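First up is the structure itself, then whatever we jot down about it.
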Amino acid sequence: MEFHLTTDIFVQQLINALIVGSFYALIALGYSMVYGIIKLLNFAHGDLFMVGAFVGYTVLAKLTGTGESLLGLGLAFLIAMVVTGFLGMGIERIAYRPLLKAPRLSILITAVGMSLVLENTIMAAYGAKPYIMPVTLPTAGFSLLGAKITYAQIGIIAVSALLMVALQLFVHRTIYGKAMRAIAIDPTASSLVGINVTKVISLTFFVGSFLAAAAGMMNASYYGSLTFTMGFIFGMKAFTAAVIGGIGSIRGAMLGGLTLGVLETIGTYQFGGEWKDVFAFFILIALLVVKPTGILGQKATERM
């Protein structure tokens with residue numbers, strides 16, 4: 001199969017890849033943060049992406065009454081992130097915290113169960129039909145090397161980059177970020193030097209859910225629709241991105257998301273949209289054969 005890629009198509013596909021990769025990266029950050037802190041694969045995290053989209057939809061449709069207003073969109077964006085952040089904290093407090101010292105399989109099954117609870121709760125509240133976002137992103141833009149790029153696309157990429165940079169600064173420049181990194185290394189020693197481990201774990205769930213909701217709102221606004229099942233496939237893709245980058249690594253989650261977005265876009269362009277999901281998971285399998293720890297992952301040693 002020949003691969004023809006003109007300059008205009010290359011630029012257009014690159015923008016598409018950055019947008020999709022940004023969504024994956026923002027969700028993958030939550031997977032990596034939680035795994036790095038308590039070694040939990042939080043399979044309910046993808047559904048928080050979906051919940052964030054529905055909270056934003058509700059705000060736009062019921063409260064602001066001004067879907068075309070940037071102020072209304074910004075308000076919905078903020079409320080969705082904060083509400084979903086607190087929901088993530090609540091899930092950690094009710095479902096995961098009592099099981100932190102239980103066998104890993106118990107908490108993993110609980111995470112799968114929580115995913116089903118979130119999906120079915122949204123389905124019961126909103127129904128199974130897809131919803132159309134009451135907001136239309138502007139189509140105005142500019143031409144770059146023959147490709148049409150909209151200001152909305154640039155805005156999504158910029159907001160995603162800003163959130164990722166803010167997280168990086170938070171983790172490396174604040175006392176709570178240092179506490180997160182300390183707990184990831186040794187939670188017992190961290191508690192002995194005065195770190196409130198429980199509080200930091202809750203904060204980690206808030207931040208991860210906050211970022212997932214941001215991705216959900218941007219995704220629903222960009223594609224114009226949302227459904228209660230949207231969190232499953234995006235959650236699996238984001239988990240794939242986290243593993244590709246190196247599960248437990250924040251920079252790895254960012255790199256993995258963008259890498260998966262680029263490779264998936266190339267695969268879709270070359271082989272067709274019906275192969276998109278197959279291509280993404282094939283990349284995961286191929287990488288794990290070559291480098292099981294992911295791109296930036298490191299081998300973990302078990303302490304005795």
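Owing to the predicted nature of the structure, the values given are computational and were not obtained by experimental measurement. The first residue in the sequence is number 1, and the count goes up from there. Worth knowing before you read on, the calculation uses all heavy atoms, side chains too, and leaves out hydrogens, waters and symmetry mates.
In this structure the side chain of Thr84 never reaches within 4.5 angstrom of the side chain of Phe86, judged on heavy atoms. Between Thr150 and Gln153, the closest side-chain pair of non-hydrogen atoms falls below 4.5 Å. Residues Leu26 and Met218 form a side-chain contact, since some pair of their non-hydrogen atoms from C-beta on lies under 4.5 Å apart. Phe43 places a side-chain heavy atom less than 4.5 Å from the side chain of Met236. Within the 4.5 Å cutoff, side-chain heavy atoms of Ile250 are placed close to those of Met254. Counting heavy atoms from C-beta outward, Phe228 and Thr121 have side chains that stay 4.5 Å or more apart. Side-chain contact check for Leu40 versus Tyr35: every heavy-atom pair is 4.5 Å or farther apart.
Ser191 and Thr188 make their closest contact through OG-O, 2.6 Å (heavy atoms, listed as atom of the first residue, atom of the second, distance). Nearest heavy atom pair, residue Ala238 against residue Ala28, reads O-CB, 3.4 Å. Closest approach of Ile244 to Gly256, counting heavy atoms only: CG2-CA, 4.3 Å. The two residues Met217 and Gly52 come nearest to each other via the heavy atoms CG-O, 3.9 Å. Annotation for Ala76 and Leu60: closest pair CB-CG, 3.6 Å, computed over non-hydrogen atoms. Nearest heavy-atom pair, Ala179 versus Ile195, reported as atom, atom and distance to 0.1 Å: CB-CG2, 4.0 Å.
A donor-acceptor pair is defined here as one N or O able to donate and one able to accept, closer than 3.5 Å; no such pair exists between the side chain of Arg93 and the backbone of Ser202. Between the side chain of Thr204 and the main chain of Val34, no donor-acceptor pair closer than 3.5 Å is present.
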Please walk me through it: do Ser209 and Met89 pass side chain to side chain contact (heavy atoms under 4.5 Å, CB included)?
CA-CA 8 Å; Ser209 304; Met89 289 179 67; over 6 Å; no
For Arg173 and Gln168, run side chain to side chain contact (heavy atoms under 4.5 Å, CB included): C-alpha distance rounded to whole Å, both residues' side-chain angles, the deciding distance at 0.1 Å, then the answer.
CA-CA 8 Å; Arg173 300 289 180 87; Gln168 189 73 5; over 6 Å; no
Met133 and Tyr223: CA distance, side-chain angles, deciding distance, side chain to side chain contact (heavy atoms under 4.5 Å, CB included) verdict:
CA-CA 9 Å; Met133 283 291 284; Tyr223 292 110; over 6 Å; no
Side chain to side chain contact (heavy atoms under 4.5 Å, CB included) between Lys237 and Phe23: does it pass, once the steps are laid out?
CA-CA 10 Å; Lys237 295 282 189 69; Phe23 297 153; over 6 Å; no
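Sequence neighbours left out, the pairs with a member in residues 42-56 that pass side-chain hydrogen bond (donor to acceptor under 3.5 Å, both in side chains) are Asn42-Tyr96, Asp47-Ser115. The ring-ring contact (aromatic ring centres under 6.0 Å, His included) analysis of residues 148-197, with sequence neighbours excluded, yields the pairs Phe142-Tyr151.
To the nearest 0.5 Å, the span separating CG on Leu255 from CZ on Arg251 amounts to 11.0 Å. Atoms OG and CG, on Ser190 and Asn196 in that order, are 11.5 Å from each other to the nearest 0.5 Å. Remark: Leu14 CG to Ile19 CD1 distance equals 10.0 Å, nearest 0.5 Å. For the atom pair CD1 (Ile156) and OG (Ser22), the distance works out to 8.5 Å, reported to the nearest 0.5 Å. With rounding to the nearest 0.5 Å, the separation of OG1 in Thr227 from CD1 in Ile122 is 10.5 Å. Residue Thr110 holds its OG1 atom at 8.0 Å from CE of Met114, rounded to the nearest 0.5 Å.
Residues that satisfy the salt bridge (Lys or Arg N to Asp or Glu O under 4.0 Å) test with Arg97, not counting sequence neighbours, are Glu92. The side-chain contact (heavy atoms from CB on, under 4.5 Å) check on Ser32 picks up Ala242, Ile247, Ala253, with sequence neighbours excluded. Residues that satisfy the side-chain contact (heavy atoms from CB on, under 4.5 Å) test with Ser225, not counting sequence neighbours, are Ile132.
Linking Ile, Leu, Val, Met, Phe, Trp and Tyr residues whenever their side-chain heavy atoms come within less than 4.5 Å places Ile175 and Met33 in a single cluster. The hydrophobic cluster containing Ile201 does not contain Ile94, counting ILVMFWY residues as joined when their side-chain heavy atoms lie under 4.5 angstrom apart, directly or transitively. Leu116 and Leu108 are assigned to two separate hydrophobic clusters, defined by single-linkage of ILVMFWY side chains at heavy-atom distances under 4.5 Å. The same ILVMFWY cluster, assembled from side-chain heavy atoms under 4.5 Å apart, contains both Met180 and Val193.
A donor-acceptor contact under 3.5 angstrom links the side chains of Thr58 and Tyr126, judged on distance only.
Under the side-chain contact (heavy atoms from CB on, under 4.5 Å) rule, Leu48 has a single partner from Ile27, Ile91, Leu211, which is Ile91. The ring pair (Phe, Tyr, Trp, His ring centres under 6.0 Å) test with Tyr31 is passed by exactly one of Tyr24, Phe205, Phe234, Phe239: Phe239.
Through side-chain heavy atoms spaced under 4.5 Å, either directly or across other Ile, Leu, Val, Met, Phe, Trp or Tyr residues, Val165 is tied to Leu169.
More than 12 heavy atoms of other residues, nucleotides or ligands sit less than 6.0 Å from atom OH of Tyr131.
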